[in-house]
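Each remark here refers to the structure printed beneath this line.
Both backbone and side-chain heavy atoms feed into the values below; hydrogens, waters and symmetry mates do not. We count ligands from 1, going down the list as the structure has it; atoms in each ligand are counted the same way. It should be emphasised that the depicted structure is a prediction, and the values quoted were computed from it without experimental measurement.
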Amino acid sequence: MKQDLFQAPDYFNMDELLTDEHKLIREAAREWVKKEISPIIEDACQKAEFPSQILPGLAEIGAFGPYIPVEYGGAGLDNISYGIIMQELERGDSGIRSTASVQSSLVMYPIFKYGNEDQRKKYLPKLATGELMGCFGLTEPDHGSNPGGMTTNIKDMGDHFILNGAKMWISNSPFADIAVVWAKNEEGRIKGVIVERGMEGFTTPETHNKWSLRASATGELVFDNVKIPKENILPNKDGLGAPLGCLDSARYGIAWGAIGAAMDCYDTALRYSKERIQFGKPIAAFQLQQKKLAEMITEITKAQFITLRLGQLKNEDKATSAQISMCKRNNVEMALNITREARQILGGMGITGEYSIMRHMMNLESVITYEGTHDIHLLITGLDITGENAFK
Ligand code: TGC
Ligand code: FAD
């Protein structure tokens, strides 16, 4: 593994719009990624192993529930800080960011927002330290883009519920201690259920043979007559809007994260182009390579500014779901395009694990699909601007 020489691009001095606290948080996360992720990530991906030894470090840099209030173990930070942490983690690897964003936005957020005080006190502090890890079960084998069609269900048995069904493509499921699962009750209303590892009839088989997010553990959640205590139901919101509300928070984090992956590829390609000599001069001196690099920094800069603005709107509680969709969609496509161009700048070296580019490229093939596919986010924008629903 080569030394991590990453230098973040900031072409329009965006730093001047950040607070000292934002910059301190970023430096802590950036240094942690250089020290703890860069040296091990290539090996973890090649072996398709989740590097579980990093969990305490992720908790220490505040990556688990950055915006959850301090009284519940979170860091009490603003949304821009959350985004910056996701950017730095995904600069290292999308799978590491996935672990943190699932824990924060898809497990801690619903318990904080839709749970009662007992549930908040029981789970949140332990999730913040990584003592408990969680996952989020919405997608089913037959219901991906259309989660409202889910068939996983709970039946009221008087003093408890019985949960049946299956979820698939679930990040962190193979090692999660708890799962926030979305299931329909007898009236067809979607409810949030906290399922704990060890409950009889609950299993989490791992999904193997992925070419993408290889350092992230993905699996199923299978429920075979699982007895759920009544106190494990999230009481404060139900309906499809409840899980979709969590997705807004996670999609926002991904918008920042994708910029991190793009920055890493741009920085690698720029450095390589200055060092690689062909035809007697650095390849950076050829116009065709400059075109690639100039377009990359232009696209990164545009993404940085819509995302920072989205963070400001989110801090003011004014960001709409459609704005978040546009930002996630734009930034992931931007990052994926940059990985492809950067890979070419490195020539044959670009396909090796000596450099991070191909790993980012493969990871982003999942990022462009999960949390709503590229097409679904386009249709969300289409609906928002025309008023016409083209989903159904
Ligand atoms: P629709 O009728 O439009 O809406 C149903 C109810 O939900 C409300 N709503 C939202 N609420 C909060 N935030 C949003 N973004 C919302 N979007 C809609 C809506 O107002 C309505 O409320 P109510 O009170 O009237 O009932 O629902 P639909 O069935 O037509 O579906 C719309 C669609 C397609 C946009 C939506 O279902 C969708 O986003 N599909 C994509 C599915 C998806 O993103 N799945 C992600 C699974 S989790 C994951 O991938 C984690 S990866 C994590 C990692 O490793 O990082
Ligand atoms: P489908 O919904 O079958 O879509 C297939 C294609 O059809 C796509 O191109 C889609 O855009 C298109 N399509 C679908 N509907 C329409 C339409 N109305 N109009 C036009 N085109 C349409 N889910 C979780 O719940 N929790 C997790 O932690 C989680 N982690 C994941 C981790 C990984 C590595 C991956 C790959 C997925 C994960 N997912 C998770 C699932 C993810 O959210 C789904 O894969 C995604 O929502 C798409 O669903 P699908 O794969 O079933 O594709």
If I apply the N/O under 3.5 Å rule, does [X] come out as touching ligand 1?
X	value
Asn146	no
Gly372	yes
Tyr370	yes

Of the protein's non-hydrogen atoms, which lies at the shortest distance from [atom], and what is that distance?
atom	value
atom 48 (C) of ligand 2	Thr373 CG2, 3.8 Å
atom 16 (C) of ligand 2	Ile376 CD1, 4.0 Å
atom 9 (O) of ligand 2	Asp375 OD2, 3.8 Å
atom 40 (C) of ligand 2	Trp169 O, 2.7 Å
atom 10 (C) of ligand 1	Leu244 CB, 3.7 Å
atom 28 (O) of ligand 2	Ser171 N, 2.9 Å
atom 27 (O) of ligand 1	Leu240 CD2, 3.6 Å
atom 47 (C) of ligand 1	Thr139 OG1, 3.6 Å
atom 52 (O) of ligand 2	Gly144 CA, 3.3 Å
atom 45 (O) of ligand 2	Thr369 CG2, 3.9 Å
atom 13 (N) of ligand 1	Asp248 OD2, 3.2 Å
atom 41 (C) of ligand 1	Ser145 O, 3.6 Å
atom 51 (C) of ligand 1	Glu371 OE2, 3.4 Å
atom 2 (O) of ligand 1	Lys392 NZ, 4.2 Å
atom 26 (N) of ligand 2	Phe136 O, 2.9 Å
atom 54 (C) of ligand 1	Ser98 OG, 3.3 Å

Find all atoms of ligand 1 within a distance of less than 4.0 Å from any non-hydrogen atom belonging to [X], and give their numbers and elements.
X	answer
Phe391	34 (C), 35 (C)
Gly245	12 (C), 13 (N)
Phe136	48 (S)
Arg97	56 (O)
Gly144	42 (C)
Ser321	13 (N), 14 (C), 15 (N)

Is there a protein heavy atom at a distance of less than 4.0 Å from [atom]?
atom	result
atom 37 (O) of ligand 1	yes
atom 2 (O) of ligand 2	yes
atom 19 (C) of ligand 1	no
atom 43 (C) of ligand 1	yes
atom 22 (O) of ligand 1	no
atom 29 (O) of ligand 1	yes
atom 25 (O) of ligand 1	no

Part of Gln103 with heavy atoms under 4.0 Å of ligand 1, whether side chain, backbone, both or neither: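 Looking at Gln103 and ligand 1, no heavy atom falls under 4.0 Å.
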Side chain, backbone, both or neither: Ser101 near ligand 1, heavy atoms under 4.0 Å: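 Only the side chain of Ser101 comes within reach of ligand 1.
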Short N-O contact, Asp43 and Lys47, less than 4.0 angstrom: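 Yes.
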Salt bridge Lys302-Glu299, side-chain N to carboxylate O under 4.0 Å: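 A salt bridge is present here (some side-chain N lies under 4.0 Å from a carboxylate O).
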Taking [Y]'s backbone N and O only, do any of them form a donor-acceptor pair with [X]'s side chain (distance below 3.5 Å, no angle check)?
X	Y	value
His377	Gly372	yes
Asn232	Ile194	yes
Glu90	Ala255	no
His143	Gly149	yes
Arg97	Gln87	no
Glu140	Thr152	yes
Asn13	Asp15	no

Within 6.0 angstrom of Lys230 NZ, more than 12 heavy atoms from elsewhere: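 Counting neighbours around NZ of Lys230, more than 12 heavy atoms of other residues, nucleotides or ligands fall under 6.0 Å, so yes.
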Closest approach of Arg120 to Phe112 (non-hydrogen atoms, all atoms of both residues):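 Residues Arg120 and Phe112, closest heavy atoms: NE-O, 2.8 Å.
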Proximal candidate to [atom] [heavy atom criterion; set [options]]:
atom	options	value
atom 20 (C) of ligand 2	Ile368, Asn363, Leu379, Val367	Leu379
atom 53 (O) of ligand 2	Ala217, Ala176, Ser145, Ser101	Ser145
atom 45 (N) of ligand 1	Asp375, Leu213, Leu247	Leu247

Same apolar cluster: [X] and [Y], side chain cutoff 4.5 Å:
X	Y	result
Ile324	Ile376	no
Ile368	Leu138	no
Ile254	Met361	yes
Phe136	Tyr109	yes

Parallel, tilted or perpendicular: rings of Phe223 and Phe202 (30°, 60°):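 Parallel: the ring planes of Phe202 and Phe223 meet at under 30°.
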Parallel, tilted or perpendicular: ring planes of Phe175 versus Phe50, cut at 30 and 60 degrees: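 Ring orientation, 0 to 90° scale: parallel.
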Close approach of Leu106 to ligand 1, heavy atoms, under 4.0 angstrom: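 It does, in that a heavy atom of Leu106 comes within the 4.0 Å cut-off of ligand 1.
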Member of Asn185, Asp238, Asn153 meeting the side-chain hydrogen bond (donor to acceptor under 3.5 Å, both in side chains) criterion with Lys191: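 It is Asp238, the one option of Asn185, Asp238, Asn153 that forms the side-chain hydrogen bond (donor to acceptor under 3.5 Å, both in side chains) with Lys191.
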Side-chain donor-acceptor contact under 3.5 Å, Asn331 with Thr307: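 Per modelled atom types, Asn331 and Thr307 side chains form a pair under 3.5 Å.
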Short N/O distance, under 3.5 Å, between [X] and ligand 2?
X	value
Thr139	yes
Leu138	yes
Leu213	no

Mode of Lys167 contact toward ligand 2 - side chain, backbone, both, neither (heavy atoms, under 4.0 Å):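 Near ligand 2, Lys167 shows nothing, with every heavy atom at 4.0 Å or more.
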Residue-ligand contact Cys135/ligand 2, heavy atom below 4.0 Å: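 No.
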